[in-house]
Amino acid sequence: MQEKNHTEIKDYEFIYNINALFEKKIILYGAGVHGKRMYALLKAINVDVECFCDKNPSVKKCLPAPVISMNELKQRTTDDSSYFIIVSSGEFFEEIIADLTQMKIQAYICTWHAVRIGIELHIHDSRFSKEFRNDFLQRKKICFNNNTIHFELLNQFYLSVYPYSILVYLSPKVGSSTIYEALNRADIAAVHTHSMAPKTGIPQIDAAKDYYMEKCRKDGVKIISVVREPVARALSYFMQGFRWEFIWDDRCQSSDLEAEARRWVMKSLEENEEFVWFDKEIKEFTGIDVYQYPFDKEAGYSWIKENNIEILLLKAEKLNDNIDLIRKFVGYPDLELVSKNVGDKKSTKYIYKQLKKNFKLPASVIKQQFENNTRLDHFYTKEEKQSFLEKWQSHIL
């Protein structure tokens, strides 16, 4: 159900049907970086932009299309359903949508993120030129390969600059950004990574990994890691990584977001991806098998000390309950946690909210995860597992 007194955002509808791009008059609300990039993207697919809308009149001097005020926007869209407003801002998208709501703007409205995903999902639509499709596919290949290398190099660079950093080292979408940002605000040297152990096949990167693996085992290192309820974690990871991991890595098989989410999550759960991560990463990198150490399920943590290495392993659901423990581990008594990288605070929120509502899994997959998973049993109580089962009951196929 749409939020009360809130303008309806068509993000979820658009990624399934991009006709609005070709059938409606387009206004970009927001003339900053996202607005300019969206204009360039639409120009590349031969879609005209009628104008920008922005509160700052000074932007008129540097834009390729006219700029109108909110009052002019209201006048144009009154009793006219032929307009498509693209909210083209990352930081201020909620403020813009609040403005549209207050003025009761009548139009088809999406965020820039949904428009970008919709175009990429429907890249083979015949309304896109062959030149655009070929260019996109070529750039996709180049960018994906180089960006993967880029992140691997960043890990090694930060470890070189801050050799005695705390490693915030965990699988994706379990609460890493919250911890990492807290350490940054406290001016505590930290390196945030999801992967340190597996080889890449790139000699320079693999040599650096071997070097830091040996160095950390010899000199010691403090590691903070987190575990999270696996279905929610996998779905959250899908939403964050969907565009990059599926569209750009050619693993996307259709433009059906729900079907792709189901495939992603089922694969993650069947491979026990989150829990096997501790073997592939932590154990490989440090030599420590976290499953050989007791985990306090009620308190939600394990503090492991082996040789020169310390690991604070936390349960995401009890992260805030263990703030004093985190403070003690990092040696900073005033550390505060503030949620970061939360789906409901991103411009993807309208897609993610509807996806979570519609998402379905086979009953056998959910049952296997919460009733027959010894790795999950290491971290969660019987009562917690039952609550997870109940939570996902309404999402059974």
Side-chain angles (χ1 to χ4, degrees), residues 152 155-156 158-160 162-180 182-183 188-200 205-230 233 237 268 271-319 321-332 335 373-381:
E152 291 283 358
N155 285 342
Q156 310 310 322
Y158 287 132
L159 281 169
S160 297
Y162 309 112
Y164 300 102
S165 299
I166 289 174
L167 282 185
V168 182
Y169 183 20
L170 25 60
S171 64
K173 299 308 295 179
V174 294
S176 55
S177 295
T178 296
I179 295 172
Y180 180 64
L183 296 177
I188 298 171
V191 173
H192 177 200
T193 180
H194 301 306
S195 178
M196 285 298 298
K199 295 295 189 286
T200 64
I205 294 177
D206 291 343
K209 286 190 172 190
D210 289 339
Y211 172 79
Y212 286 110
M213 183 183 298
E214 182 179 343
K215 182 176 179 62
C216 288
R217 290 191 182 193
K218 178 183 176 183
D219 297 343
V221 66
K222 282 191 169 187
I223 295 171
I224 298 177
S225 199
V226 182
V227 66
R228 179 185 178 187
E229 183 266 289
R233 176 258 170 194
Y237 186 24
S268 174
E271 295 177 355
N272 224 11
E273 181 185 75
E274 178 184 359
F275 303 112
V276 171
W277 181 92
F278 290 101
D279 296 321
K280 290 183 176 180
E281 291 286 350
I282 294 283
K283 186 177 180 180
E284 185 68 23
F285 186 70
T286 66
I288 296 174
D289 183 352
V290 301
Y291 295 106
Q292 297 303 311
Y293 287 85
F295 187 89
D296 189 329
K297 299 178 186 179
E298 296 292 344
Y301 78 93
S302 177
W303 188 325
I304 300 168
K305 298 180 182 180
E306 186 173 309
N307 299 322
N308 294 327
I309 297 173
E310 291 185 64
I311 301 173
L312 180 60
L313 179 51
L314 300 156
K315 190 152 57 178
E317 293 79 6
K318 291 184 176 289
L319 208 57
D321 295 343
N322 284 307
I323 181 61
D324 288 336
L325 192 69
I326 300 171
R327 289 167 177 161
K328 183 178 179 181
F329 186 79
V330 302
Y332 192 88
L335 190 76
N373 189 341
T374 57
R375 290 295 179 88
L376 181 136
D377 291 345
H378 184 76
F379 302 105
Y380 291 96
T381 66

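- Going from atom CD1 of Ile311 over to atom CD1 of Ile224 covers 11.5 Å, rounded to the nearest 0.5 Å.
- Arg217 places no side-chain N or O within 3.5 Å of a backbone atom of Asn308 that could act as its donor or acceptor partner.
- Side-chain N or O atoms of Asp321 include none that pairs as donor or acceptor with a backbone N or O of Ala299 at under 3.5 Å.
- Side chains of Tyr380 and Glu317: a donor on one and an acceptor on the other come within 3.5 Å.
- Environment of NZ in Lys283: sparse, with no more than 12 heavy atoms of neighbouring residues, nucleotides or ligands closer than 6.0 Å.
- Between the side chain of Asp206 and the backbone N or O of Thr200 there is at least one donor-acceptor pair closer than 3.5 Å.
- Heavy atoms of other residues, nucleotides or ligands lying less than 6.0 angstrom from NZ of Lys328 number 12 at most.
- Under a 3.5 Å cut-off, the side chain of Trp277 and the backbone N or O of His194 do form a donor-acceptor pair.
- Although no hydrogens or angles enter the test, the distance criterion places a donor-acceptor pair under 3.5 Å between the side chain of Lys209 and the main chain of Pro198.
- Between His378 and Phe295, the angle of the ring planes lies from 30° to 60°, which puts this pair in the tilted group.
- A salt bridge between Lys173 and Glu274 is absent, with no side-chain N of the basic residue lying under 4.0 Å from a carboxylate O of the acidic one.
- With salt bridges taken as basic N to acidic carboxylate O contacts below 4.0 Å, one links Asp279 and Arg375.
- The side-chain contact (heavy atoms from CB on, under 4.5 Å) test with Ser171 singles out one residue from Glu273, Glu281, Arg233, and that residue is Arg233.
- Relative orientation of the Phe379 and Phe278 rings is tilted, given thresholds of 30° and 60° on the angle between their planes.
- Of the possible donor and acceptor atoms, none in the side chain of Tyr169 sits under 3.5 Å from a partner among the backbone N and O of Val191.
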